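Contents: one structure, followed by commentary.
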Amino acid sequence: MSSQPAMAAFPVREAAWSGRIWNLLGALLLLIPLAPVMLATAIAIVALSGRSPLVAHRRAGQFGAPFWTLKFRSMWSGWAARPGWIEYIVDDLGPEQKSSDDPRVASRFARFCRRFSIDELPQLFNVLRGEMALVGPRPLTESELRKHYGFDAEETLRVKPGVTGLWQVMGRSRLTYPERRALDLYLVRNRSWRLHAAILLRTIPAVLSGKDGW
């Protein structure tokens, strides 16, 4: 049940374990071995689509501040010569239309990238820029927050959105919005270095299995 959050109960200051330095170091450590995968993915997307390999979606960040979250392009139809590295997209309704047989994802390669979360890897650059954390609630659009999180949105936005989180390792895309909201709130209310470490460790098998990812 949603309720107006008690402002004093959730301090703004982040603890040292979730501080900027640890997220920065973690993102760098991940980017180094993943760089060849990301480069190959970008080249494949350009070759298959003729479009920019990256897209930036507007999302609500910490305290509701809007920012552009990066992803590898996974939706295109046909081939079109459109130069550039990043296409900026404002689409508040797009995430709610996501499904396992989404007709907007027409490429087998794109489906592979989404299933194994390869399309999410550019968000490590959002971590480097201080817009996201490695672990936190997933970044949502303003319309998703209003419709599905209600008064709980304010509490969820007290921390930086994360590349991974509780619902990403406990069901991924098959979870309903109420289930995601409950898990995001649990993460915010019970955040600790142990919980974050457990989520990071569980992210690896969750991604490699490809289960419930689309």
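Heavy atoms only: backbone and side chains are in, while hydrogens, waters and symmetry mates are out. This structure is a prediction, so every number in the text was calculated from the model and none was measured.
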Original post:
What pair of heavy atoms forms the shortest contact from V135 to H196, and how long is it?
Top reply: CB-ND1, 3.7 Å

Subject >> Sub-4.5 Å side-chain heavy-atom contact between M132 and P139 >> reply: yes

Original post:
Where is the tightest heavy-atom contact between A47 and W79, given as atom of each residue plus distance?
Top reply: O-NE1, 3.1 Å

Subject >> Exercise: identify the closest heavy-atom pair between V188 and P137 >> reply: CG2-CG, 3.7 Å

**OP:** With rounding to the nearest 0.5 Å, note down the distance linking OG in S74 to CD in E120.
**Re:** 9.0 Å

Subject >> Closest contact, heavy atoms only, L134 versus G26 >> reply: CD1-CA, 3.9 Å

**OP:** Could you check if a side-chain atom of V159 sits within less than 4.5 angstrom of a side-chain atom of L187, using non-hydrogen atoms only?
**Re:** no

Original post:
Counting only heavy atoms not in Y186, do more than 12 fall under 6.0 Å of its OH?
Top reply: no

**OP:** Determine whether L34 and I204 fall in the same hydrophobic cluster, where Ile, Leu, Val, Met, Phe, Trp and Tyr are linked whenever their side-chain heavy atoms lie under 4.5 Å apart.
**Re:** no

Original post:
So do R59 and T141 actually touch side chain to side chain, heavy atoms under 4.5 Å?
Top reply: yes

Original post:
Can you get from L208 to I118 by hopping between Ile, Leu, Val, Met, Phe, Trp and Tyr side chains that sit under 4.5 Å apart?
Top reply: no

Original post:
What distance separates L31 CG from L124 CG, expressed to the nearest 0.5 Å?
Top reply: 4.5 Å

**OP:** Mind running side-chain contact (heavy atoms from CB on, under 4.5 Å) on L24 and L128 for me, showing each step along the way?
**Re:** CA-CA 5 Å; L24 177 63; L128 292 181; 3.3 Å; yes

Subject >> Single-linkage hydrophobic cluster F72~Y88, side-chain heavy atoms < 4.5 angstrom >> reply: yes

Subject >> Interatomic distance, L70 atom CG to D119 atom CG [nearest 0.5 angstrom] >> reply: 12.0 Å

Original post:
Do the side chain of R174 and the main chain of K211 share a donor and acceptor less than 3.5 angstrom apart?
Top reply: no

Subject >> Side chain to side chain, T41 and P53, heavy atoms closer than 4.5 Å >> reply: no

**OP:** Please assess T203 against V163 for the test side-chain contact (heavy atoms from CB on, under 4.5 Å), listing each intermediate value before the final yes or no.
**Re:** CA-CA 10 Å; T203 297; V163 177; over 6 Å; no

Subject >> Straight-line distance of I45 CD1 to L54 CG, nearest 0.5 Å >> reply: 7.5 Å

Original post:
So, Q62 side chain and L157 main chain: donor-acceptor pair closer than 3.5 Å or not?
Top reply: no

**OP:** Applying side-chain contact (heavy atoms from CB on, under 4.5 Å), run through V127 and L30 and close with a yes or a no.
**Re:** CA-CA 11 Å; V127 177; L30 288 170; over 6 Å; no

**OP:** Find out whether W76 and L48 are in side-chain contact, i.e. whether some heavy atom of one side chain is under 4.5 Å from a heavy atom of the other.
**Re:** yes

Original post:
Would you say the side chain of S173 lies within less than 4.5 Å of the side chain of R114, judging by non-hydrogen atoms?
Top reply: no

Original post:
Do any pairs count as a salt bridge (Lys or Arg N to Asp or Glu O under 4.0 Å) and have a residue in residues 74-87, sequence neighbours left out, and if so which ones?
Top reply: R73-E87

**OP:** Report yes or no: do W167 and V169 belong to one cluster of Ile/Leu/Val/Met/Phe/Trp/Tyr joined by side chain heavy-atom distances under 4.5 Å?
**Re:** yes

Subject >> side-chain contact (heavy atoms from CB on, under 4.5 Å) evaluation trace for L183 with L175 >> reply: CA-CA 10 Å; L183 290 171; L175 296 183; 3.7 Å; yes

Original post:
Is there a path of hydrophobic side-chain contacts, each under 4.5 Å between heavy atoms of I, L, V, M, F, W or Y residues, that connects L121 with I43?
Top reply: no

Original post:
Taking only residues at least two apart or on different chains, which pairs with a member in residues 124-133 satisfy side chain to side chain donor-acceptor pair (under 3.5 Å)?
Top reply: N126-E131, R129-E131

Original post:
Under 6.0 Å from the six-membered ring centre of Y177 and within 45° of its axis: does the NZ or CZ of R180 meet both?
Top reply: yes

Original post:
Around atom CD of E179, are there more than 12 heavy atoms of other residues, nucleotides or ligands at under 6.0 Å?
Top reply: yes

Original post:
Hey, are the side chains of H148 and R181 touching, using non-hydrogen atoms and a 4.5 Å cut-off?
Top reply: no

Original post:
Counting heavy atoms not belonging to M38, are there more than 12 under 6.0 Å from its CE?
Top reply: yes

**OP:** May I ask you to test the W68-V55 pair for a side-chain heavy-atom distance under 4.5 Å?
**Re:** no

Original post:
At what distance, to the nearest 0.5 angstrom, does CG of L166 lie from CG of L195?
Top reply: 5.5 Å

Original post:
Are any side-chain N or O atoms of R115 and backbone N or O atoms of G210, one a donor and one an acceptor, separated by less than 3.5 Å?
Top reply: yes

Subject >> Separation of E155 CD from L185 CG (nearest 0.5 Å) >> reply: 5.0 Å

Subject >> Mutual orientation of the aromatic rings belonging to F116 and F112 [parallel < 30°, tilted 30-60°, perpendicular > 60°] >> reply: tilted

